[in-house]
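Here's the structure, in structure tokens; my notes come after.
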Amino acid sequence: MNDAMSLGIHRLWKDALLRVMNPQPGLRLLDAAGGTGDISFRFMAYTRSVHEQKLRRRARSNQTPSWQDITASYSSEGAGPPQSRAVVCDINKEMLKVGKGRAEEAGITTGYEVIGGDEFGLSCSSAGVSWVVGDAEELPFDEDQFDVYTIAFGIRNVTHVEQALQEAFRVLKPGGRFLCLEFSQVSTPLLSKLYDAYSFQVIPVLGEVIAGDWKSYQYLVESIRRFPNQETFKGMIEEAGFSRVQYINLTGGICAIHSAFKL
Amino acid sequence: MCSVLSRARRWAFAFHVLTRQQHTAWESDHHGRLYTGHIQTSPVQKALLAVGSGIAALQNPYRHDMVAVLGETTGHLALVKLRNRMRNNPEGYTILIERPRIQVSTLDLSWMSALPDGSLGREYLCFLEKNKVTPDTRANVKFVDDEELAYVMQRYREVHDLLHTLLGMPTNMLGEVAVKMFEAAQTGLPMCILGAILGPLRLSTSRLQKLTTSLGPWALHSGIHSRCVLSVFYERRWEQNLEDLREELNIEPPPFTLPANSKRPS
């Protein structure tokens with residue numbers, strides 16, 4: 001359905017989010033409103049490829065090691081690569097189940113699953129993707145847990161956006177990064193007209209024809225228009241306590257990535 | 001002698017039908033929309049819906065919601081003609097005023113099952129049971145932008161099962177195509193015409209032969225020459241003998257009977 005509505009472009013937007021994030025191996029990610037885990041899977045793939053690139057670079061520059069170097073490399077091999085961990089948190093259990101299925105098919109190890117919804121602190125140290133049921137306005141995690149917090153196409157559906165932002169601030173470690181990918185306002189008038197025409201004429205029709213549900217997709221395009229624009233949302237993020245708030249427009253402002261740090 | 005009596009019986013029936021109590025009325029308070037479930041659409045949206053639902057229905061004929069949407073977005077002219085035809089008939093006019101609905105909630109099933117064999121009500125219930133369908137599976141009209149025409153469309157949908165009973169056709173593919181041909185001939189709805197043309201493509205050769213040689217011509221002939229089936233107040237005719245009703249409506253009995261569809265309901 002997302003592919004039909006965005007002509008597959010939503011995949012490019014999510015890839016862009018990862019490039020902006022540029023995560024290094026060993027980070028802990030909270031993928032809020034993560035649904036079926038699109039961002040988390042990309043995160044695992046990205047950190048894995050960064051790690052492999054590092055290994056390749058090290059191998060290339062290390063063609064004639066000394067005996068001391070070889071001994072040192074034996075002892076460090078036991079430690080293994082740094083473990084990247086992603087936690088997908090969503091209010092909808094069914095989406096998480098679908099995501100878990102996709103992870104199993106792709107062979108990504110599962111850290112743990114909490115499909116029950118109780119609050120508890122994160123102390124598990126296994127690698128891979130974990131699946132937790134939770135509300136973005138009241139996250140079931142202790143403070144200072146995550147290096148990166150992302151929310152992709154989810155914050156628009158949260159009733160109290162300020163609360164979600166405060167929760168994001170709470171669970172991030174000091175120095176942690178907040179990233180939000182969301183539909184935003186188009187600035188140029190021509191693109192705006194085309195985008196509006198497409199949104200209101202085509203999207204509900206696609207909803208009716210593909211999913212048999214006009215009303216939900218009518219609601220979708222209306223909720224996009226109601227969400228605050230780039231600058232206003234930037235202000236809201238600053239209100240929650242974040243610093244160095246920036247935003248990058250994608251596809252002429254149809255989407256925007258907001259980035260901030262907990263300093 | 002016989003024809004005089006049967007005509008007198010018919011007049012008595014007509015009088016009886018037109019003067020009985022009002023049935024369930026079509027609701028009218030709808031949050032600014034024309035009727036419950038109405039979705040306002042622009043011409044562009046209607047065109048897109050027509051194309052999209054057409055493709056979806058062709059790919060998967062079991063998507064009844066798409067067949068319904070196709071009917072609604074392409075049927076304006078045909079609905080106007082149908083509505084005018086109903087207005088020009090006294091019984092049809094009464095239906096347009098009183099707006100009866102055929103739903104499980106409005107039917108008195110225990111009373112209907114006690115009716116004598118051969119009566120419309122009894123045969124209709126038998127048909128529902130044998131083919132494992134219920135009148136409540138019809139989708140509500142969404143995209144027709146006139147409240148009266150929306151009712152005509154809804155009436156057409158709800159009368160479809162009764163039409164199966166009147167024509168003696170089961171709900172398998174062959175029976176459905178035959179009924180679609182009748183409906184296409186009578187209503188002129190583009191969706192029926194499309195169904196009548198494309199439906200036969202999915203039939204086996206033996207069934208196709210049956211259709212082209214006897215069933216099809218009979219369905220078309222009946223559709224053209226019979227009275228408008230939407231202008232019949234079925235809800236007041238449950239006790240009427242089915243054969244009498246067929247005669248009154250000028251519907252010939254089918255050239256042969258087909259076995260009921262006990263598999264997937266349509």
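What's counted below: heavy atoms across the whole structure, side chains too, no hydrogens, waters or symmetry copies. Letters go in sequence order (proteins before strands), and every chain restarts at 1.
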Interface moiety of B:Leu49 toward chain A, non-hydrogen atoms closer than 4.5 Å
both

Go through the atoms of A:Leu206 and report whether side chain, backbone, both or neither lie under 4.5 Å from a heavy atom of chain B.
neither

Between chain B and chain A, which N/O donor-acceptor pairs sit under 3.5 Å?
| from | atom 1 | to | atom 2 | distance (Å) |
| --- | --- | --- | --- | --- |
| B:Ser42 | OG | A:Gln201 | OE1 | 2.5 |
| B:Gln45 | NE2 | A:Phe200 | O | 2.6 |
| B:Arg63 | NH1 | A:Val209 | O | 2.6 |
| B:Arg63 | NH2 | A:Val209 | O | 3.2 |
| B:Lys142 | NZ | A:Glu208 | OE2 | 3.1 |

